[in-house]
Number of protein chains: 2
Amino acid sequence: MPITIVDVATRAGVSKTTVSRVLNGKGEVDRRTADRVRAVITDLGYVPNARAVNLARGRTRVVGMLVPALTWPWMGEVLQGAVDVVESEAYGLLLFTCNRGDESMRRFASQVSARSFDGLLVVEPEGTLDYITELHRRGLPVVLVDDRGHQPGFPSVRTTNEAGARSAAAHLLHRGRRRPLVVTGPRRFGCTRERTAGFTEAYAEAGLPVAPDRLVEGDFTFECGRAAVRRLLTDRVDFDAVFAHNDLSAAGALQALRDAGRRVPTDVAVVGFDDLPLAGHTHPPLTSVRQPLREMGAAAARALIGHLAGKPLPDPPTVIPTSLTVRASTGAT
Amino acid sequence: MPITIVDVATRAGVSKTTVSRVLNGKGEVDRRTADRVRAVITDLGYVPNARAVNLARGRTRVVGMLVPALTWPWMGEVLQGAVDVVESEAYGLLLFTCNRGDESMRRFASQVSARSFDGLLVVEPEGTLDYITELHRRGLPVVLVDDRGHQPGFPSVRTTNEAGARSAAAHLLHRGRRRPLVVTGPRRFGCTRERTAGFTEAYAEAGLPVAPDRLVEGDFTFECGRAAVRRLLTDRVDFDAVFAHNDLSAAGALQALRDAGRRVPTDVAVVGFDDLPLAGHTHPPLTSVRQPLREMGAAAARALIGHLAGKPLPDPPTVIPTSLTVRASTGAT
DNA sequence: CTGAAAGCGCTTACAG
DNA sequence: CTGAAAGCGCTTACAG
């Protein structure tokens with residue numbers, strides 16, 4: 001039913017080869033022949049079958065993308081950045097998650113083996129780095145959007161976790177805050193260590209080392225931020241600022257402060273990390289270190305597709321800097 | 001380099017046909033032959049090339065999914081529901097957005113023509129319903145996740161906007177709220193009309209018709225909720241409840257109430273719609289009509305894949321009911 | 001139970 | 001400038 005290259009060839013009175021040539025602009029074709037073929041193509045509304053083209057060419061013009069879950073608040077930004085680039089390069093994006101655990105990874109692995117895509121974009125599902133590394137070693141082009149500070153042995157795109165945390169510290173110091181509380185992410189993540197290091201070093205350099213009991217390990221949830229602040233208030237630990245490793249836990253901190261009757265930012269200034277839309281809607285709006293999520297997704301896609309087109313991959317990780325978005329939670333007017 | 005069916009056939013001393021048969025479990029094959037072939041397959045780690053299989057079979061085993069944008073707060077849930085089903089059925093999901101406008105739609109259209117996927121899941125980008133309808137008319141299997149109350153001329157999955165709004169009204173009435181304010185979505189959306197109808201009818205039936213000046217058209221943003229409440233307070237309109245057509249505008253309403261010194265829920269009870277994670281993190285936590293977003297995505301994927309497997313599509317839209325999540329903004333303890 | 005051959009819809013040397 | 005033929009890696013009648 002759908003029309004094929006044979007239909008076009010027959011109607012135009014030429015061979016498939018010639019049709020293919022005008023389709024791909026390869027080789028010399030007589031002007032008049034080419035015009036005739038083109039006329040038939042538009043006339044019939046012919047579009048080459050992607051599967052057939054790809055089989056013949058030995059590639060799919062599809063990139064796979066593997067992410068841990070689609071419901072995380074910042075995943076949409078990364079995805080959108082990647083999709084925008086993939087689309088504009090006329091590639092397709094095949095999406096995988098490992099939401100269903102091992103079963104998901106098995107399905108994913110089978111698609112890898114079946115060569116369903118030419119290259120892979122990945123926001124690493126926890127615990128799969130070795131597997132991804134192996135895929136890369138076996139020849140699958142891979143670019144990682146490194147949200148965890150892994151710095152893996154293959155191309156990746158990351159942000160300046162350390163410098164971002166430093167900028168938060170500098171901002172709080174500038175506002176005269178001398179006793180910050182830090183609510184971190186899980187300690188096993190590189191990004192947590194980087195953000196902690198950047199922040200504490202900046203304070204130490206200002207002659208105000210952050211005592212260990214002011215570093216509370218969290219897990220990036222609203223609840224962990226709330227619980228940490230509540231507990232330290234109960235313990236009568238004195239602090240005039242909170243630096244949370246993401247916006248969600250910062251929002252939790254804001255709530256605990258409000259519940260305890262502390263004024264933000266007068267009594268306690270609060271800074272988050274990510275700068276998601278929610279940062280603009282907290283009460284008061286949250287100062288936050290902006291992660292360039294969409295840009296990271298886009299940069300990873302660009303690097304991968306460039307590589308598929310023959311360009312070398314950047315060897316050191318691509319680094320896209322954070323920036324500080326100042327809002328009322330640290331005293332912006 | 002990658003090994004093919006020919007490698008397996010040669011090594012096992014049989015024809016490609018036989019290998020194909022044991023691969024697909026079709027036709028009779030001698031036990032011992034089959035075992036030998038299977039041994040070679042695992043030995044070589046052979047996996048059939050998906051493109052080749054699909055070309056030979058005339059289908060892709062991929063479904064396309066078109067969404068307006070990936071950064072909307074509820075899109076991740078719909079996507080996750082769809083991806084879970086698609087993966088478990090061993091299909092692939094090719095993702096498209098129209099984030100880049102006409103150019104995006106052109107790219108998408110070319111993938112449709114190139115038969116890059118067997119069927120389409122769509123959360124309709126505004127203004128593309130006619131185009132999608134045309135695709136469906138031309139024979140592309142399509143299932144719509146109908147978030148706008150379109151009730152289109154092809155299979156779709158929707159929720160109970162009207163009943164959901166009614167449940168919000170019933171809940172507020174039960175709490176003794178007699179003068180509600182409604183912050184709606186854009187009037188051109190069917191879902192806005194349905195939610196408005198359900199809510200106002202329930203109040204009218206209770207002998208408390210909602211006056212037109214208490215129906216404020218919004219646009220689903222935080223700001224519209226805030227602005228609406230602020231303006232009505234300035235105008236000294238008297239109200240003891242707010243029903244917002246989504247959680248974001250409800251959060252904006254909460255903020256305006258707090259800024260004006262109104263207590264929630266004592267002075268004003270607030271109900272949102274969607275029941276996104278943010279509803280649990282507002283101050284106070286927000287009572288909300290839960291949209292079964294993930295279930296909607298999953299149901300749409302199930303219907304589509306079932307159809308591709310030969311099952312008939314459900315003719316009337318699949319309807320997945322809302323439910324009411326009660327939190328402190330209406331007085332839960 | 002098994003295989004040779006044609007076919008899926010293209011591309012690409014190779015020959016003219 | 002153009003075409004016949006082989007090939008991409010499978011599946012599927014058809015024949016035995």
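We name chains A, B, ... by the order of the sequence lines, and we start the count at 1 in each one.
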Options [options], nucleotide nearest the side-chain atoms of [X]:
| X | options | answer |
| --- | --- | --- |
| A:D30 | C:dC10, D:dC1, D:dC10 | D:dC1 |
| B:S15 | C:dC10, C:dA4, D:dT11 | C:dA4 |
| A:T17 | C:dA4, C:dC8, C:dT12 | C:dT12 |
| A:T4 | D:dT11, C:dT2, C:dC10 | C:dC10 |
| B:V14 | C:dG3, D:dT11, C:dT2 | C:dG3 |
| B:S20 | D:dT12, C:dC10, C:dC8 | D:dT12 |
| B:E28 | C:dC1, D:dG9, C:dC10 | C:dC1 |
| B:N49 | D:dT2, D:dG9, D:dG7 | D:dG9 |
| B:I5 | C:dC1, D:dT11, C:dT11 | D:dT11 |

Between atom [atom1] in [X] and atom [atom2] in [N], what is the gap in whole Å?
| X | N | atom1 | atom2 | answer |
| --- | --- | --- | --- | --- |
| A:R21 | D:dC1 | CZ | P | 10 Å |
| A:D7 | C:dC8 | CG | P | 11 Å |
| A:R32 | D:dC1 | CZ | C1' | 14 Å |
| A:I3 | C:dG9 | CD1 | P | 12 Å |
| B:R115 | C:dC8 | CZ | P | 14 Å |
| B:D35 | C:dC1 | CG | C1' | 14 Å |
| B:R31 | C:dT2 | CZ | C1' | 18 Å |
| B:R36 | C:dC1 | CZ | P | 14 Å |

For this session: Using the closest heavy atom to pick a nucleotide of DNA chain C for each, name whichever of B:A34 or B:R57 lands nearer the 5' end.
Result: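 By nearest-heavy-atom nucleotide position, the 5'-most residue is B:A34.
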Describe the nucleic acid contact of [X] in one word from base, sugar-phosphate, nothing, applying a heavy-atom distance below 4.0 Å.
| X | value |
| --- | --- |
| B:K16 | base |
| B:N24 | sugar-phosphate |
| B:T18 | sugar-phosphate |
| B:V6 | nothing |

For this session: Establish, from distance only, whether the side-chain atoms of B:S88 and A:E103 form a donor-acceptor pair under 3.5 Å.
Result: no
Exercise. Are a donor atom and an acceptor atom from the side chains of A:N54 and A:T60 found within less than 3.5 Å of each other?
Worked result: no
For this session: Could you label the plane-to-plane angle of the A:F108 and A:Y131 rings as parallel, tilted or perpendicular, counting under 30° as parallel and over 60° as perpendicular?
Result: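 Correct class here is perpendicular.
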Exercise. Going by the angle between their ring planes, with limits at 30° and 60°, are A:F189 and A:F220 parallel, tilted or perpendicular?
Worked result: parallel
Exercise. Considering every strand shown, what is the Watson-Crick or G-U wobble mate of D:dA13 when both distances are under 3.5 Å?
Worked result: none
Problem set entry | B:D35 with B:R32: basic N within carboxylate O range, under 4.0 Å | no
Seminar exercise, completed: B:P48 and B:V53 have their tightest heavy-atom pair at CB-CG2, 3.9 Å
For this session: Identify, between B:K26 and B:R51, the residue whose nearest nucleotide on DNA chain D lies closer to the 5' end.
Result: B:R51
